[in-house]
Structures are given as C-alpha cells and as structure tokens.
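Every number for a ligand or one of its atoms is a count from 1 in the order of the listing.
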Amino acid sequence: MEVIITSSYGKICEEAAHIIHQEWQKKNNLVLGLATGETPLGVYKELTGMNQRNEFDFSDIVAFSLDEYLGLEEDHPQSFAYYMTENFFKHINIKTKNIFRLEGRPSDIEAHCQKYEEKIKSYGGIDVQILGIGRNGHIGFNEPGSSLSSRTRVKTLTEETIRDNARFFTDEREVPRFCLTMGIGTVMEAKMIILLASGKEKSEAIKNCVEGAVTASAPASALQLHPRVKILVDEEAGSQLTNKDYYKWVFKNKGRVKDYMK
Ligand code: GLP
C-alpha cells in the first residue's frame, strides 16, 4: 500500500488526476472504475480541466460505475448515473458507447449483475479503480460484513449509510434502502486502486483500512491484500495513522532509490 498524505483536499485530487493521467499515457484505452460521493468530485474536475486543455483525450477511455441505488431511474437527480453525467461525463469527450453503469431498475437483477461482471472482463478488466470510503469503512456499497470475495450484487444499506447519504435527499425516508454494487472481489481485480479520503470523520475508517486487521467488518481493509493500491488522504483523514511520519518520509524520498544505488 502506498499511503500519500497531503496538506489539503485539493492536493489529493491533483495527485489522483496526475496518477490517472500517467496511466493513460501508457494505455490510451484505459478502463476506469468510477465512484460517486463528494470526495472524488475534485478529481473529476481536475480531469475535466486536463481534457479541456487538450492534455487528456478520453475518446478511447472506457468507464464502469462502481454502484447504484436500487429503485431510482437513470434521470433521478440522486441516481449515480445522473451524478456521473452531470459531474464528469458531459464535460469530457468520452464516448457514450464506452460508458457502462449498473441500472437502478433492471428487470432481472441477478442477470444484470452477472452481465456487468462479464462486460468488465470483456474489456480486459478495470485498469484504475477510484474509490471513496464510508465512515463505516465501506467501499462501493460493500457494507461491513460483506464477503471479501463478493461479486456485483444487491446490498442492503446500513442505517449509518442511509443517514450519511440523506444529505443529498430532501428527506431521509427518500434514501433507497437497497443498492447494486461491484463486490469487493470485483474491485480487488482492478490493476490499480486509488482510494481517496478527506476530513476528520474519515480518519477512523482510514486507520482501520490501512493499519487494522484484514476483516469483513472493515471492508476497505481488504485493500491491504492488493499489490497496487494508493491511499490518498489529507492530514485530517490521515490523523489517526500510527505510521504517518513513515508514509510521509517514503513519499518524500520516492524515486531516490536509483540515486542511492549510485
Ligand atoms: C457512498 C458511495 C461510496 C462513497 C461513500 C462516501 O455510500 N457508495 O462509493 O465512497 O458514499 O462518500 P463521500 O465521498 O461523499 O463521503
């Protein structure tokens, strides 16, 4: 795990966009896995800026959404489909045929989830998966207790997540109780994972994710088993990390190994 602690939320987003840009330079038809929530918004803004300055061409980029509320139509303002269009897709030159998402009202839920997994595989898997983290340590909508090898499926939201996400709805009772989400096993197959977190309220989840035991009770802790994970946090989200000075030292000295060997 590479833990990158930056001074501000803006810096996390710049760093994440820079990493994605670097990956795109190696592979123009990059397959991205994209998360919703407030945290990745700054990354989508950075990437949009790069696209508009002609530094990043999205015409061969493929995008898969991480999750979706069950029961919401695609054009519902709180659906994740709507979020992705409004906050990212409509501002960049990605092709509609390259955008894949979990539907809020599929006629056959199981078949839809199965097909989604197959679609990801047909593109050679996800190259870079962007993740946020819930206060309870969830990734996607994989709530605590989710199998660490789970696949795309229905999940029931916890009361805490319903309360946390109520801020986007006019009334808590409007928050859907069920959702579709890529499983932890699905996420773990991405070639690179970038998890972002900002603010003190995420500090416990980050502590458990990075330095806690690998357990289904803290779903993000599964990332410890992934070979290419970058955890990007601001000072507040990283404040409970025991080894934060070490992570900072590693980041500062990154790229110096070659000099050291001279
Ligand atoms: C939702 C999403 C997650 C996201 C989490 C945190 O529950 N399903 O993918 O990471 O919220 O969101 P925020 O970044 O707004 O704190």
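Scanning the protein for heavy atoms near atom 14 (O) of ligand 1, the closest one is T39 OG1, 2.4 Å. Atom 5 (C) of ligand 1 has H138 NE2, 3.6 Å as its closest protein atom, hydrogens excluded (heavy atom only).
Between R167 and ligand 1, an N or O atom pair is found at a separation short of 3.5 Å. In terms of N/O distances under 3.5 Å, ligand 1 is approached by I133. Residue G140 has at least one N or O atom closer than 3.5 Å to an N or O atom of ligand 1. Any N or O atom pair closer than 3.5 Å counts here, and T161 shares no such pair with ligand 1.
Selection from M182, E38, K202 by nearest heavy atom to atom 16 (O) of ligand 1 gives K202. Here atom 12 (O) of ligand 1 lies nearest to G37 when heavy atoms of G199, G37, A35 are compared. Looking at D67, T36, N136, L41 and measuring to atom 8 (N) of ligand 1, the nearest heavy atom belongs to D67.
Each of the following atoms of ligand 1 lies closer than 4.0 Å to a heavy atom of F141: 1 (C), 7 (O), 8 (N). Residue contact check: G132 has heavy atoms under 4.0 Å from atoms 10 (O) of ligand 1. Near N165, with a cut-off below 4.0 Å to any heavy atom, the atoms of ligand 1 are 1 (C), 7 (O).
For E143 and K155, the salt-bridge test fails: no basic side-chain N is under 4.0 Å from an acidic carboxylate O. Under 4.0 Å is where a charged nitrogen must lie from a carboxylate oxygen, and between K254 and E2 at least one such pair does. Using a 4.0 Å cut-off between charged nitrogen and carboxylate oxygen, E74 and R101 count as a salt-bridge pair. Contact check on E189 versus R151 returns a salt bridge, with a Lys/Arg side-chain nitrogen under 4.0 Å from an Asp/Glu carboxylate oxygen. The existence of a salt bridge linking K26 and E23 is confirmed by a sub-4.0 Å separation between a basic side-chain nitrogen and an acidic carboxylate oxygen. Under a 4.0 Å N-O distance rule, the pair E38/R167 qualifies as a salt bridge.
In this structure a side-chain-to-backbone donor-acceptor pair under 3.5 Å is present from Q224 to G212.
The residue from Y82, F141, Y83 that alone fulfils the ring pair (Phe, Tyr, Trp, His ring centres under 6.0 Å) condition with Y69 is F141.
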